[in-house]
Amino acid sequence: QAQVVESGGGLVQAGGSLRLSCAASGSIFIVNAMGWYRQAPGKQRELVASVTSDGDTNYADSVKGRFTISRDDAKKMVYLQMNTLKPEDTAVYYCTAKARTTFGDWRDYWGQGTQVTVSS
């Protein structure tokens with residue numbers, strides 16, 4: 001089964017930190033670009049951070065300087081280090097990966113989401 005799975009979400013007080021992890025697993029063979037999206041109640045889904053296969057990163061202005069995206073190609077994983085968390089960071093965070101199986105076409109895979117709640 002080709003899938004991506006997030007972990008690391010939870011409840012944290014404002015100013016705290018969390019690290020989200022996302023693993024491309026199952027029959028996924030090669031991963032290209034990877035990223036993190038989030039969706040808060042009543043809000044549209046937004047891109048938080050992304051990283052290309054070349055290592056180029058992109059961040060939403062709201063998280064720039066606080067969040068860091070990184071990837072480990074050997075493990076086919078992507079991480080989101082979240083520092084100085086704010087209540088407005090509360091959302092369900094989704095990992096996405098452009099990936100392919102051994103013989104398959106490139107496609108976007110999405111994780112099930114992990115809840116991040118930042119209390120004041």
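With ring centers used as reference points, Trp36 lies 6.0 Å or more from Phe67.
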* Could you walk me through whether Gln81 and Ser17 pass the side chain to side chain contact (heavy atoms under 4.5 Å, CB included) test, one step at a time? => CA-CA 8 Å; Gln81 180 65 47; Ser17 298; 4.0 Å; yes
* Can Glu6 and Gln112 be said to form a side chain to side chain contact (heavy atoms under 4.5 Å, CB included), step by step? -> CA-CA 7 Å; Glu6 307 98 332; Gln112 79 289 347; 2.9 Å; yes
* To do: Any chance you could lay out the side-chain hydrogen bond (donor to acceptor under 3.5 Å, both in side chains) test for Thr96 and Asp108, step after step, and finish with the verdict?
  => CA-CA 7 Å; Thr96 185; Asp108 292 331; 5.0 Å; no
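Proximity of Val51 to Asp56: side-chain heavy atoms (C-beta onward) are nowhere separated by under 4.5 Å. Considering only heavy atoms from C-beta on, Tyr94 stays 4.5 Å or farther from Thr114 through its side chain. Between Met77 and Ser25 there is no side-chain heavy-atom pair separated by less than 4.5 Å.
In the model, Tyr37 has no side-chain atom that pairs as donor or acceptor with a side-chain atom of Arg45 under 3.5 Å.
Both Met34 and Tyr59 belong to a common hydrophobic cluster when Ile, Leu, Val, Met, Phe, Trp and Tyr are linked at side-chain heavy-atom distances under 4.5 angstrom. Tyr93 and Leu47 fall into different hydrophobic clusters, where Ile, Leu, Val, Met, Phe, Trp and Tyr are joined by side-chain heavy atoms under 4.5 Å apart, directly or via other members. No path of Ile, Leu, Val, Met, Phe, Trp and Tyr side chains, each step under 4.5 Å between heavy atoms, connects Val63 with Tyr79, placing them in separate hydrophobic clusters. One hydrophobic cluster, built from ILVMFWY side chains closer than 4.5 Å, holds both Tyr109 and Val78. Val12 and Val48 fall within a single hydrophobic cluster, where Ile, Leu, Val, Met, Phe, Trp and Tyr are joined by side-chain heavy atoms under 4.5 Å apart, directly or via other members.
Between Lys64 and Asp61 there is a salt bridge, since at least one side-chain N of the basic residue sits less than 4.0 Å from a carboxylate O of the acidic one.
In terms of modelled atom types and a separation under 3.5 Å, the side chain of Arg71 and the main chain of Thr52 share a donor-acceptor contact. A distance-only check finds no donor-acceptor pair linking the side chain of Gln1 to the backbone of Gly26 [under 3.5 Å].
With Val116 as the fixed residue, the side-chain contact (heavy atoms from CB on, under 4.5 Å) test singles out one of Leu80, Leu20, Thr90: Leu20.
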